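Notes for the one structure printed next.
Please read all numbers here as calculations on a predicted model, not as lab measurements. Chain A is the first sequence line, chain B the second, and so forth, proteins listed ahead of strands; every chain is numbered from 1.
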Amino acid sequence: MRFSEAFIYTSKEAPSDATLPSHIYLVRGGFIQGIGAGLYNFLPLGKKVLDKIRAIVKDELDKASAQEVDLAFVTPSELWKESGRFEKYGKELLRFKDRKDAEFVLGPTHEEMMVNMVRQYVKSYKQLPINLYQIKYKFRDEIRPRFGLMRGREFLMKDGYSFHKDEADMIENGFNKMEKTYSNIFTRLGLDFRVVEADSGAIGGNGSKEFMALADSGEDTIVVCKGCDYGANIEAAKRVPKTEPIYPEGEEVEMNYGKFHTPNVKTIDELSSFFHIDKYYTVKAVAKKALYDNNIEKVVLFFIRGCDELEETKATNAVNANELIDVSEDELIDLGLIPGFIGLEGLPKDILAVVDSELKGADKLIIGSNEKDYHTIGFQLPDYGDFYRDLIKVQEGDKCPNCQNELYYTKGIEIGHIFQLGTRYSEPLKAEFLDENGKSRPFVMGTYGIGVSRLLAAIIEQHHDDKGCIWTKATAPFDLEIIVSNIKKEDELKIADELYNNLKSKGIDTLLDDRKERFGFKMKDFELIGIPYAVIVGKKITDGMVEIVDRKTLEKEEVTLDSAVDRVLELIK
RNA sequence: CGGAGUGUAGCGCAGUCUGGUAGCGCACCUGGUUUGGGACCAGGGGGUCGAAGGUUCGAGUCCUUUCACUCCGACCA
């Protein structure tokens, strides 16, 4: 491609709302154009990168014997009603009506559609397993789209679905196989990523793992281990239960059961300094209002150690709620609770309490007495049976559940997510097959997603400098750029042109910068766009030399004109 | 949805308080000079000032309504 003829327009200025490098450079470099909240046009450069990423995704999936399909973007709402998600999915689902007043949705994900398709053809266990996928635009009416391609409303996603006769096959031939395949894909794309344990969220199912590209700008906090490869989203992270702080010999904490007058001691900080004791020994009650379908609300008390914090996703799952919201002190008082002094003993009857698993069997605790200005010390937890749940947010410095080493936080961009779905969709949608015994059974499913357009952003988050993008060889919009220093010098232009034609004939996708601009201007554009290498045809040709610039290191290497092609081929291999 | 803010040329912004000829930088067009790190000079084109209504002799500016967008939060396969 000749730059002078290309639809490539770079800019010195970034959009005023852009904060992330990926957003700034992708817009400035002429890869994408923002046209509305969370909506982007892909310009030729961006489209080329997108297609390259897409090809890698497809290649690896096809190797894993998944088959590509393409389902309708506009989907009839009936299927969504059948699965119960038409109402449940909420406002993210864009709904509309056609001229006949029939309801439709723009697909935000395609479980329903895919199950519907498969159930019409697959009737026997002999036809299983099946793994189908598509790479298609999705639309989710996000509350607050931001960060460029990172959180758009319309975005390109690869969504895959596998169908199996049983759980074991789903795990082996679906879930585990896809985990391997995804790792191959992200490795080929040159990403630094981690596979972490995740919350299954609204999609449902048992096990799920996320693929996180490590980046400070990531929206997710992930917990990783210094000693082993354990990693988990903070929403699902586990730890070795906290143990008693170590006190010097003879100063161990001892408590006798009893009520203690603690006037105006309401917070955990006040409590721990009042008793001169580590927060480990205190118990706090975190009150939330749980929201359920049909506008049902319920106040829930979550009891955790004073040194811990409530992890909201875990808490939401613990009570099977759709959402947790804050509850006011007045509301608590109306229910007969005394904020600051809430405990487990003597709670009003109809209050739901959930206790953190780590408190099971714990003793030597200080907890509210459900009585104004009183705390109970030396409290020991009775057997609450089913009320124990994992509720706490793992903290930096906690111990790894696998190897006991220290855990720490890092930030990640969610680029892939794989789920063991089970029969969550096949059952309500009555997608069934006959097993070996002629018995009808729902498909056991897995579902697998990759944010393809988000990958562009993730790659730039990991591969950029203060001058612009640094594409990897596998994802660059062109293999090579040739910069003509001054097109008015006929020999420069001629040599560059020959070089360009030569490389083109060898299958090298080359961008020839033959614009009527000064050298510095072209270099800046080269650096901004981030093609891996450039050949500079300039003043050194009088000595029969050209230069090759490495975008990553910005180092220049002089080679003779004759050896230039071979050297380039060697580099971009 | 809660809080804050912004809509003026393709992009980034000033002008609005205090009403009186629509501005700047980048980009674009013409001519010339320049040519190894985002050149310079001269000339030029481009705007129903987000929309609707109102006040006024006169509205980008004041008032009312409305729409859109952005930021923080909440939210989020």
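Contacts of A/E527 with the nucleic acid, taken as non-hydrogen atoms under 4.0 Å apart, include base atoms. Residue A/K540 is in base contact, counting any heavy-atom pair closer than 4.0 Å across all strands shown. Using a 4.0 Å heavy-atom criterion, one finds that A/E210 contacts no nucleic acid atom at all. Contacts of A/K556 with the nucleic acid, taken as non-hydrogen atoms under 4.0 Å apart, include base atoms.
In this structure, the CZ atom of A/F419 is 8 Å from the P atom of B/A77, given to the nearest Å. With rounding to whole Å, A/E142 atom CD is found 13 Å from B/C71 atom P. Put simply, CE on A/M113 is 22 Å from P on B/A77, counting in whole angstrom units. Between the CZ atom of A/F211 and the C1' atom of B/A77 there is a distance of 14 Å, given to the nearest Å. Rounded to whole Å, atom P of B/G36 lies 12 Å from atom CD of A/E547. Straight-line distance from the CE atom of A/M150 to the P atom of B/U70: 16 Å, rounded to whole Å.
Taking the P atom of each, B/G45 and B/G23 are spaced 13 Å apart, rounded to whole Å. Using atom P as the reference point in both B/G19 and B/A27, the two lie 37 Å apart (nearest Å). Straight-line distance between the P atoms of B/G46 and B/C63: roughly 33 Å, to the nearest whole Å.
With a 6.0 Å cutoff to the six-membered ring centre and a 45° limit on the axis angle, A/R95 counts as a cation-pi contact of A/F86. A/Y292 carries A/K298 over the face of its six-membered ring, with the cationic atom under 6.0 Å from the centre and within 45° of the normal.
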Polar-atom pairs under 3.5 Å, protein N or O versus N or O of nucleotides 10-14 of chain B: list them with distances, or write none.
residue, atom, partner, partner atom, Å
B/G12, O4', A/E13, OE1, 3.3
B/G12, O2', A/E13, OE1, 3.3

Hey, what are the protein-to-nucleotides 31-34 of chain B N/O distances that come in under 3.5 Å?
residue, atom, partner, partner atom, Å
B/U34, O2, A/R518, NH1, 2.7
B/U34, O4, A/K488, NZ, 3.4

Quick one: which protein N/O atoms are closer than 3.5 Å to N/O atoms of nucleotides 1-9 of chain B? Pair and distance per line, please.
none

Go through A/W471 and A/F31 one step at a time and tell me if the ring pair (Phe, Tyr, Trp, His ring centres under 6.0 Å) criterion holds. CA-CA 12 Å; A/W471 294 102; A/F31 293 87; 5.4 Å; yes

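Across all strands shown, nothing is found opposite B/A74 as a Watson-Crick or G-U wobble partner with both distances under 3.5 Å. The pairing partner recorded for B/C49 is none, the criterion being a Watson-Crick or G-U wobble arrangement whose two distances lie under 3.5 angstrom. Across all strands shown, B/A68 forms a Watson-Crick or G-U wobble pair with B/U6, both key distances being under 3.5 Å. Under the Watson-Crick or G-U wobble criterion, with both distances below 3.5 Å, B/U33 is paired with B/A39. Within the shown strands, B/C13 is the pairing partner of B/G23 under the Watson-Crick or G-U definition, both distances less than 3.5 Å. Judged by Watson-Crick or G-U wobble contacts below 3.5 Å, the nucleotide B/C28 has B/G44 as its partner.
Closest to the A/I536 side chain, of the nucleotides B/G36, B/A77, B/G38, is B/G36. Between B/G38, B/C76, B/A77, one nucleotide has an atom nearer to the side chain of A/K12 than all others, and that is B/G38.
Closest approach of A/S208 to A/D199, counting heavy atoms only: OG-O, 3.5 Å. Listed here is the closest heavy atom pair of A/F73 and A/K136: N-CE, 3.8 Å. When all heavy atoms of A/R551 and A/C469 are compared, the closest pair comes out as NE-O, 3.2 Å. Nearest heavy atoms, A/G29 versus A/I529: O-CG1, 3.9 Å.
Using modelled atom types, one finds no donor on one side chain facing an acceptor on the other under 3.5 Å when comparing A/Q67 with A/N131.
Annotation: A/F7 is in aromatic contact with A/Y9 [ring centroid separation under 6.0 Å].
Using a 4.0 Å cut-off on heavy atoms, the residues of residues 20-37 of chain A that approach RNA chain B are A/R28, A/A37, listed by number. Of the residues in residues 153-161 of chain A, those lying under 4.0 Å from RNA chain B by heavy-atom distance are A/M157.
Evaluation of the side chain to side chain donor-acceptor pair (under 3.5 Å) rule for A/D525 yields A/T10, A/R515 as partners, not counting sequence neighbours.
Both A/V549 and A/G449 lie near RNA chain B, and the one whose nearest nucleotide falls closer to the 5' end is A/V549.
Between the side chain of A/K284 and the backbone N or O of A/D308, at least one donor-acceptor pair lies under 3.5 Å. Of the possible donor and acceptor atoms, none in the side chain of A/S485 sits under 3.5 Å from a partner among the backbone N and O of A/G538.
Below 30°, between 30° and 60°, or above 60°: for A/F211 and A/Y182 the angle between ring planes is between 30° and 60°, a tilted geometry.
Interface remark: the A/D525 side chain does form a donor-acceptor pair with the B/G38 base, using a distance-only criterion of under 3.5 Å. Between the base of B/C76 and the side chain of A/R140 there is no donor-acceptor pair shorter than 3.5 Å.
The shortest side-chain heavy-atom distance between A/L149 and A/I32 falls under the 4.5 Å cut-off.
By the neighbour-count criterion of 12 heavy atoms within 6.0 Å, atom CD of A/E329 is sparsely surrounded, having that number or fewer from other residues, nucleotides or ligands.
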